[in-house]
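Report on the structure given below.
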Amino acid sequence: MQILSKEQKSISPGMVLQRNYRILLSKFVRYLLPTTLTMIALSLNGIFNSMIVANLLGSKAVGIVALGFPIIFLASAVNSLFGIGGASLYAVLLGEHQGEKAGKVLCLSLAAAFICGLFMMTAGLVFTEFFISLLCSEESLAASFSEYFRVLMLSAPLFALVLTLLEFLPPSGSPILATIVISTANGLNLLMNYIYIAYFDMGVEGAAWGALTGYSVSILVLAVAFWCGKTRLHVQMAHLRDLPLLWKCISTGSASAASQLSFAIKYAFCNHLAALYGGTAGIVAFSICLQAFSLVSAFYSGIINAATPLLGVLHGEGDFSGRSHVLKTAFIYETVIVIAFVLWFEIAPEQTAAIYNITDSRESALTQAGLRIFVLAIILRAVCITFMFYLQILQEHRYAMAISMFDGFVGIVPLAWLLCSFMGLDGLWWAYPINSVLLFVGVLLYNLHLSRKSGRYKDILLSQRDEAAEKVWDFTMTNAPKDISLVSEQLIELGKRSGLESKSALILGLAVEEMAVYTRNHMHTKYIDILARLYKDRIEIDFRSLGESFNPLTENEGDDMINLKLIRSLAGSLQYDYIMGMNNARITLARA
């Protein structure tokens with residue numbers, strides 16, 4: 001984003017104040033691998049689990065595991081409500097330099113998730129027969145599914161607690177720890193699945209016991225990591241008066257939670273349609289399509305999870321230019337990856353069927369035909385789901401909820417029922433890509449409407465500007481002494497041209513120069529992002545850089561003391577936070 005006008009650019013032919021986004025791109029890329037690996041670990045757990053079950057117990061056992069998907073989605077809804085919702089709010093509060101509130105959000109979210117998990121477990125164990133009859137319409141599978149279901153419900157509190165906590169690790173600067181924890185949990189899960197089924201002859205029930213074992217050990221891994229100080233979580237005890245923060249978490253995560261609940265409803269309904277129009281072979285084919293869908297979702301969900309904490313922090317800081325750039329980058333990355341996967345499924349669906357040891361000719365034919373149609377839904381859906389997460393950060397809860405519900409049962413259930421009435425089982429496969437096209441077109445049209453009518457947004461991606469600021473200077477500078485001096489001179493001149501008194505303009509330039517010099521002596525990279533905003537009563541200057549943590553609020557000795565004394569004397573207020581491996585400082589100057 002380039003802020004200066006042609007007239008302003010003429011100030012110095014040697015340098016133009018502009019943004020290069022290298023800091024944000026570097027941070028996004030560093031988060032991309034661990035967050036993607038985390039999502040892949042979650043997804044591959046289900047895929048490899050199904051492979052182990054299929055190869056040890058046969059393809060019908062895969063159908064039994066698929067019948068439990070609605071329960072998994074229900075547990076994921078709890079994680080979405082308090083984990084994704086809480087972590088998004090946590091990131092925004094960190095960007096606003098409200099660390100104490102962020103810590104309370106963490107505590108409230110963990111407590112609420114665990115309580116919901118306990119409630120799910122109790123309800124599932126007390127009303128087991130009701131849930132079995134609701135989820136399993138095939139009598140031949142009911143007995144085995146009942147054993148699997150009971151153990152699955154025992155795991156609910158543990159799943160809810162661990163998965164919710166993992167959502168807070170990336171915005172706290174610890175995405176690698178999240179990857180280690182989930183990889184440990186799922187790796188042990190798969191190992192124990194094999195042991196329980198192959199050596200202890202526990203049948204499908206062994207798969208549920210494997211998951212419980214893996215996630216129990218993950219708690220120990222987290223405890224050791226916290227004990228060793230490997231994460232910078234903001235933790236603050238919450239009280240009853242802080243419950244409005246929990247409601248805000250729920251509001252923020254409601255669309256993601258509704259999406260998971262919708263999955264539970266639509267997959268239970270679609271399982272019923274698959275059984276009705278395809279019998280056991282239809283259930284098996286549909287479960288394989290879900291596995292393929294889950295695999296691709298892991299990759300674009302990793303991109304979403306890398307972008308979301310950054311988007312939240314940038315939104316909290318009011319860095320709207322950086323926020324838009326990260327969103328566009330996420331769209332580009334996920335589109336390329338998803339297209340590559342879709343092409344692979346279109347070209348070689350028989351390889352996917354073979355992986356799951358499907359030898360029955362009817363099951364194999366249905367699976368291959370379904371895959372080629374089913375995966376067409378993924379490209380446009382990935383864009384819409386990414387935008388849904390973005391809307392949660394913008395606090396556009398109703399719009400995000402609308403996307404979530406239409407992507408869920410509101411769109412799929414009637415469409416699948418209607419198409420299956422005319423096309424049989426093929427209608428189930430076609431319902432997914434048609435629903436994604438309708439959703440994508442609806443998002444585009446409504447974004448155009450909002451950008452034209454609301455006054456808050458300015459384009460189809462719902463970019464924003466700081467309406468209260470009279471002037472915004474958004475740029476990246478190097479830590480070279482010559483560049484620092486030149487930027488200071490330019491800001492003084494630009495401040496005067498924007499209506500600042502000479503004294504205020506000089507203080508603006510001096511504050512930027514001294515903070516840049518102080519930052520240079522601590523940083524390991526050459527770039528500093530600066531966002532300066534001119535308001536009626538004040539000037540706010542945000543500084544962002546990569547590297548080890550340094551805190552101008554607490555340092556009192558060393559070579560930087562002269563800079564610190566001057567900065568503290570100039571600033572009306574000085575705030576600092578180390579967020580996601582970035583040093584973020586804000587200087588507020590009184591305007592003369």
Side-chain angles (χ1 to χ4, degrees), residues 75 77-122 156-174 219 222-223 226 229 231-258 260-261 308-309 311-318 389 391-398 400-401 468 538 540 551 553-554 572-580 584 586 588:
V78 174
N79 168 52
S80 297
L81 196 63
F82 303 112
I84 295 176
S88 296
L89 181 59
Y90 178 86
V92 171
L93 289 170
L94 290 180
E96 293 176 349
H97 298 278
Q98 298 190 62
E100 184 176 333
K101 270 191 177 181
K104 291 179 178 180
V105 166
L106 171 62
C107 289
L108 289 168
S109 297
L110 292 178
F114 187 67
I115 291 171
C116 285
L118 286 175
F119 177 80
M120 283 179 57
M121 180 185 72
T122 304
L158 193 59
F159 285 173
L161 182 64
V162 172
L163 293 177
T164 297
L165 180 56
L166 291 184
E167 296 291 345
F168 285 86
L169 294 180
S172 299
S174 303
I219 290 287
L222 281 167
F226 295 148
T231 183
R232 293 173 176 267
L233 280 173
H234 286 69
V235 181
Q236 183 68 38
M237 184 61 66
H239 301 89
L240 289 177
R241 63 178 179 271
D242 298 312
L243 284 178
L245 285 174
L246 181 61
W247 175 249
K248 201 166 184 179
C249 292
I250 294 172
S251 299
T252 303
S254 57
S256 296
Q260 297 298 328
L261 289 173
T308 298
L311 291 170
V313 169
L314 295 170
H315 181 75
E317 291 178 345
F389 278 82
L391 289 170
Q392 290 178 153
I393 290 170
L394 298 186
Q395 302 295 298
E396 293 284 354
H397 302 312
R398 292 182 180 178
M401 180 65 75
R538 70 191 187 282
E540 289 184 357
N551 192 342
L553 298 178
T554 58
S573 69
L574 175 60
Q575 296 172 294
Y576 171 84
D577 280 296
Y578 190 65
I579 308 172
M580 297 179 63
N584 293 263
R586 173 174 292 177
T588 302

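Since the model is a prediction, treat every value here as computed from it, not as a measurement.
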Which donor-acceptor pairs under 3.5 Å do side chains of residues 81-96 form with protein atoms, sequence neighbours excluded?
unit_1: S88; atom_1: OG; unit_2: I84; atom_2: O; d: 2.8
unit_1: Y90; atom_1: OH; unit_2: S172; atom_2: OG; d: 2.8
unit_1: Y90; atom_1: OH; unit_2: H234; atom_2: N; d: 2.9
unit_1: E96; atom_1: OE1; unit_2: Q98; atom_2: NE2; d: 2.8

Less than 4.5 Å apart, any side-chain heavy atom of [X] and any of [Y]?
X    : Y    : result
N584 : Y576 : no
V162 : N79  : no
C107 : Q236 : no

For [X], enumerate each residue passing the side chain to side chain contact (heavy atoms under 4.5 Å, CB included) test, keeping only those at least two apart in sequence or located in another chain.
X    : answer
T588 : R538, E540, S573, R586
A258 : M401, S404, M405
F114 : L118, P157, L161
A468 : D466, Y535

Would you find a donor on one side and an acceptor on the other, under 3.5 Å apart, between the side chain of S174 and the backbone of P170?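 No.
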Which atom of T164 lies closest to which atom of V78, heavy atoms considered: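 It is OG1-O, 4.4 Å.
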Ignoring hydrogens, what is the shortest heavy-atom contact between P171 and I579? Give both atom names and the distance.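 Scanning both residues, the minimum pair turns out to be O-CG2, 4.3 Å.
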Taken in chain and number order and not counting sequence neighbours, the residues that satisfy side chain to side chain donor-acceptor pair (under 3.5 Å) with Y578 are none
Counterpart residues, side chain to side chain donor-acceptor pair (under 3.5 Å), relative to Q395 (two or more places apart):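 Residues passing side chain to side chain donor-acceptor pair (under 3.5 Å) with Q395: H397.
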Find the distance between [atom1] ([X]) and [atom2] ([Y]) and round it off to the nearest 0.5 Å.
X    : Y    : atom1 : atom2 : result
L391 : T252 : CG    : OG1   : 12.0 Å
S251 : Q392 : OG    : CD    : 10.5 Å
L166 : L222 : CG    : CG    : 6.0 Å
M237 : L106 : CE    : CG    : 10.5 Å

Residues passing the ring pair (Phe, Tyr, Trp, His ring centres under 6.0 Å) test with F159, sequence neighbours excluded, are Y215
Any side chain to side chain donor-acceptor pair (under 3.5 Å) involving residues 103-115? Give me the pairs, sequence neighbours left out, ordered by first then second residue. K104-D242
Evaluation steps, side-chain contact (heavy atoms from CB on, under 4.5 Å), between F168 and V235: CA-CA 11 Å; F168 285 86; V235 181; over 6 Å; no
Working for side-chain contact (heavy atoms from CB on, under 4.5 Å), residues L108 and C249: CA-CA 9 Å; L108 289 168; C249 292; 5.8 Å; no
Those residues that, when tested against E167, pass salt bridge (Lys or Arg N to Asp or Glu O under 4.0 Å) (two or more places apart):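 Scan of E167 (salt bridge (Lys or Arg N to Asp or Glu O under 4.0 Å), adjacent residues dropped) gives none.
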Show the numbers, then the answer: is there a side-chain contact (heavy atoms from CB on, under 4.5 Å) between W247 and L243? CA-CA 7 Å; W247 175 249; L243 284 178; over 6 Å; no
